[in-house]
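Heads up: the structure comes next, in structure tokens.
Throughout, protein chains are lettered first and strands after them, A, B, ... in sequence-line order, and every chain is numbered starting at 1. Note that the coordinates shown come from a computational prediction; the quantities given were computed from them, not determined experimentally.
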2 protein chains.
Amino acid sequence: MDEQSGGAPATPTIADVARLAGVSKGAVSLALNDKPGVSEETRQRIREAAETLNWRPSIHARAMLRSRAFAVGLVLARDPRHLALDPFFAGFLGGVQTVLADSNSVLVLQVVGQGEEAEAEGYRRLARERRIDGAFLLDVRTDDRRPALLRELGLAAVAVGPDGADYDGTPFVGVRDGDGIRDAVEHLAGLGHRRIAFVEGAPAYLHSASRLAAWRDAMRAHGLPAGPHAAGHFTGEGGAAATRLLLERRPTAIVYASDLMAIAGMSVAREAGLDVPADLSLTGFDDNPEAAHLHPPLTTVRQDPVAVGAAAAELLMARIDGRRVTPVSPSPRLIVRGSTAAPPAAR
Amino acid sequence: MDEQSGGAPATPTIADVARLAGVSKGAVSLALNDKPGVSEETRQRIREAAETLNWRPSIHARAMLRSRAFAVGLVLARDPRHLALDPFFAGFLGGVQTVLADSNSVLVLQVVGQGEEAEAEGYRRLARERRIDGAFLLDVRTDDRRPALLRELGLAAVAVGPDGADYDGTPFVGVRDGDGIRDAVEHLAGLGHRRIAFVEGAPAYLHSASRLAAWRDAMRAHGLPAGPHAAGHFTGEGGAAATRLLLERRPTAIVYASDLMAIAGMSVAREAGLDVPADLSLTGFDDNPEAAHLHPPLTTVRQDPVAVGAAAAELLMARIDGRRVTPVSPSPRLIVRGSTAAPPAAR
DNA sequence: ACACGGTACTAAATGCGTTTAGCAGCGTAC
DNA sequence: GTACGCTGCTAAACGCATTTAGTACCGTGT
């Protein structure tokens, strides 16, 4: 069997448009970019020709002279299975896209193995090949070397992470994780809980550290002693192990830094013979699609990842174009469901 | 405060390398692409110069002459929240990346609003701007118009979906979803179940239809009457509603086309006073990170999305380069956990 | 008649890596 | 000495959209 004939219709170039309209290439460029120097009559004729041929300028040719790639990058150094469980990421991408669509840029995504060096190499490659004009920084760590790297590579950058953290000079869109944790603690304290434990994520990440700090602050603000806490590393296993550890300290409530850990914790509690929420209240973070459909449904913190993505993209495009915009910090919202209730009456 | 001076270090071009090595641009190109016409001595000198300057050819310049973009595209017309819950997708991206890294191509990701037209426009834009050489097709629907569109756009394409389905001539990497469902039914039948219901996803998608068909076939193969089934649309709400509907028919087991639906179903069953697995066995599909940490942990089907992604990328790159490879169809695996058991003794 | 301005366009340069044609220099054959 | 081939390199063209410099043509003023 032979290849289907007809095959790829050669994509038209500006020369084809010029020929069809009976003008020079220069005139086409001027006409379609709304620049002066072409009569309205000719401009219209050129527009029609371009329309007929369905012509769009090749970004490669454009990129050559403007030294702009018309693309931005995102490098993810995550274990794919870890990436999977993050509804934030998906929403973020959606938000980014709404902004990119208007600015004629696209998103280049690179998933690399875990490890700082692999991640750095990902950005380096994109930069040296002139594939991107700027990049997003997600999952920022304490002492993250990427801000410096991107500066060195001459790339515009925008970090996404907790409000008020240190991004080494890189502009950032602040996510107010802390507010969500604070709301959760307030909610529990309001129900009468006093021994509220905390399961943090992976201490190396800023968004993990900031959630832990928020829990501490909120406890203090309510005059409660900061109870026990343990790291769950944002995984199911970690969340379960941390919960087993914390249950020995007899808390009446546990605040988790992620839904997955909370879900694992819920199972551990039930195995230990505890009823949720009668004996133990639990709160998660992220509002995974599963959260609302558990038994009992999980009280959790919902972020607005689409808004965060849009804000980050807005800021990044502004940096690239040399414009200035004031970044926003979307706030998360506590979704109260059935996994939280008043603590067992003091016995 | 002024901009930090020093600023962007101008990215070196091939001319810089040539100057440093004391040769012409042509010689550099020949040397670094391992083509004859340069002495080994000079070649080495050029290599060192390129290394020193940390030079990499600009893809834009390359793209101009080869009329290759050195990028492939993926357009997703999904609700961001729906995307979030799909561990398949994340693994897929990871697998794609392993292959792309070797072939000097990158992945351009576009998330568009739902709707066929938005999706088509996404591919059209990427193609006309010469941004991509090929594209992946995910979430293929019955009567999907994208294979025809991509052919018309002159793009190489690879579809990902159930083995043996009709992709309108587009080469595909077959995922053997059906095998997973069959294994689940066999597992349940082996435990003694006879009334096994099924919650399908969204009928418009091939991978949904194929899972439904697999359930029917497996039931027949075991001499069982195809029990009731209902659509859950791959959402939590849908899974819960479908479960309520099916429970009226008193099944002893329900097979779900996704974990999320199974999780929602488990809550519904428990609210109805049923014990899982004593009164009702449940199986999911996907092996979400949560699945292992539920109470009881969910018996489910685990795919190997990384292998699928790698296979799809391999096939796509081969199409682009005009090579031929024989595509593989990775098989899923049933993970037996605590949500399945023998049916309640025939009363 | 010629200078001056403005308009509407064209020709040509530009960016950057690859490729092809061309050329210098050397050795060999006759 | 010329013809021929080979090696090792250079110069130049190419692809494509944008931009700048340049030109033709018209009308106006003197």
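- Sorted by first and then second residue, the ring pair (Phe, Tyr, Trp, His ring centres under 6.0 Å) pairs with a member in residues 104-127 of chain B form an empty list; sequence neighbours excluded.
- Residue contacts for B:R130: at a heavy-atom cut-off of 4.0 Å it reaches the sugar-phosphate backbone alone, with no base atom in range.
- For A:D34, the salt bridge (charged side-chain N to carboxylate O under 4.0 Å, His left out) test picks out A:R47, with sequence neighbours left out.
- Summarising the geometry, the separation between CZ on A:R19 and C1' on D:dC16 is reported as 13 Å, rounded to the nearest angstrom.
- Ring planes of B:F136 and B:F92: perpendicular class, angle over 60° (limits at 30 and 60°).
- The nearest whole Å value for the distance from the CZ atom in A:F70 to the P atom in D:dC16 is 17 Å.
- Taking each heavy atom of A:V23 and A:R45 in turn, the nearest pair found is CG1-NH1, 4.3 Å.
- When the nearest nucleotides of DNA chain D are assigned to B:G22 and B:H60 by heavy-atom distance, the more 5′-ward of the two goes with B:G22.
- For residues 90-102 of chain B, no pair satisfies side-chain hydrogen bond (donor to acceptor under 3.5 Å, both in side chains), with sequence neighbours left out.
- Among residues two or more places apart in sequence or in another chain, the salt bridge (charged side-chain N to carboxylate O under 4.0 Å, His left out) test is passed with B:R146 by B:E119, B:D144.
- Pairs passing the ring pair (Phe, Tyr, Trp, His ring centres under 6.0 Å) check and including a residue from residues 28-50 of chain B, sequence neighbours excluded, do not occur.
- Remark: A:L109 CG to B:L107 CG distance equals 6.0 Å, nearest 0.5 Å.
- Expressed to the nearest 0.5 Å, how far CZ of B:R62 lies from CZ of A:R130 amounts to 11.5 Å.
- OP1 or OP2 of D:dA17 sits under 4.0 Å from a side-chain N or O of A:W55.
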Distances under 3.5 Å only, N/O to N/O: pair up the protein atoms with those of nucleotides 6-8 of chain D.
none

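- Considering OG1 of A:T11 and CG of A:L53, their distance stands at 11.5 Å, rounded to 0.5 Å.
- Side-chain contact between A:V175 and A:H207 is absent, with no heavy-atom pair separated by less than 4.5 Å.
- Partners of B:R68 under the salt bridge (charged side-chain N to carboxylate O under 4.0 Å, His left out) rule, at least two apart in sequence or in another chain, are B:D133, B:D321.
- Here B:S39 contributes atom OG and B:I46 contributes atom CD1; the two are 8.0 Å apart, rounded to the nearest 0.5 Å.
- The distance from atom CZ of B:R66 to atom C1' of D:dC14 is 14 Å, rounded to the nearest whole Å.
- Rotation axes derived from the C1' atoms of the five outermost pairs at either end of the helix from C:dA1-D:dT30 to C:dC30-D:dG1 lie 80° apart, to the nearest 10°.
- Think of the region where chain A sits on DNA chain C: with heavy atoms and a 4.0 Å cut, that region ends 5' and 3' at C:dA8 to C:dG17.
- Taking every heavy atom of residues 23-33 of chain A and every atom of DNA chain C, pairs under 4.0 Å involve A:V23, A:S24, A:A27, by number.
- Note that the CG atom of B:L74 and the CZ atom of B:F89 stand 5.5 Å from one another [nearest 0.5 Å].
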Side chain to side chain contact (heavy atoms under 4.5 Å, CB included) between B:R125 and B:E129: does it pass, once the steps are laid out?
CA-CA 6 Å; B:R125 178 183 164 205; B:E129 293 182 348; 4.0 Å; yes
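- Counting to the nearest Å, the C1' atom of D:dC16 and the CZ atom of A:R56 are 16 Å from each other.
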Dump the pairs, protein N or O against N or O of nucleotides 22-28 of chain D, anything under 3.5 Å, distances to one decimal.
none

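- Looking at residues two or more places apart in sequence or on another chain, you find no salt bridge (charged side-chain N to carboxylate O under 4.0 Å, His left out) involving B:E48.
- The nearest whole Å value for the distance from the CD1 atom in A:I14 to the C1' atom in D:dT18 is 8 Å.
- Nearest-nucleotide assignment on DNA chain D puts the 5′-proximal partner with A:M64, out of A:K35 and A:M64.
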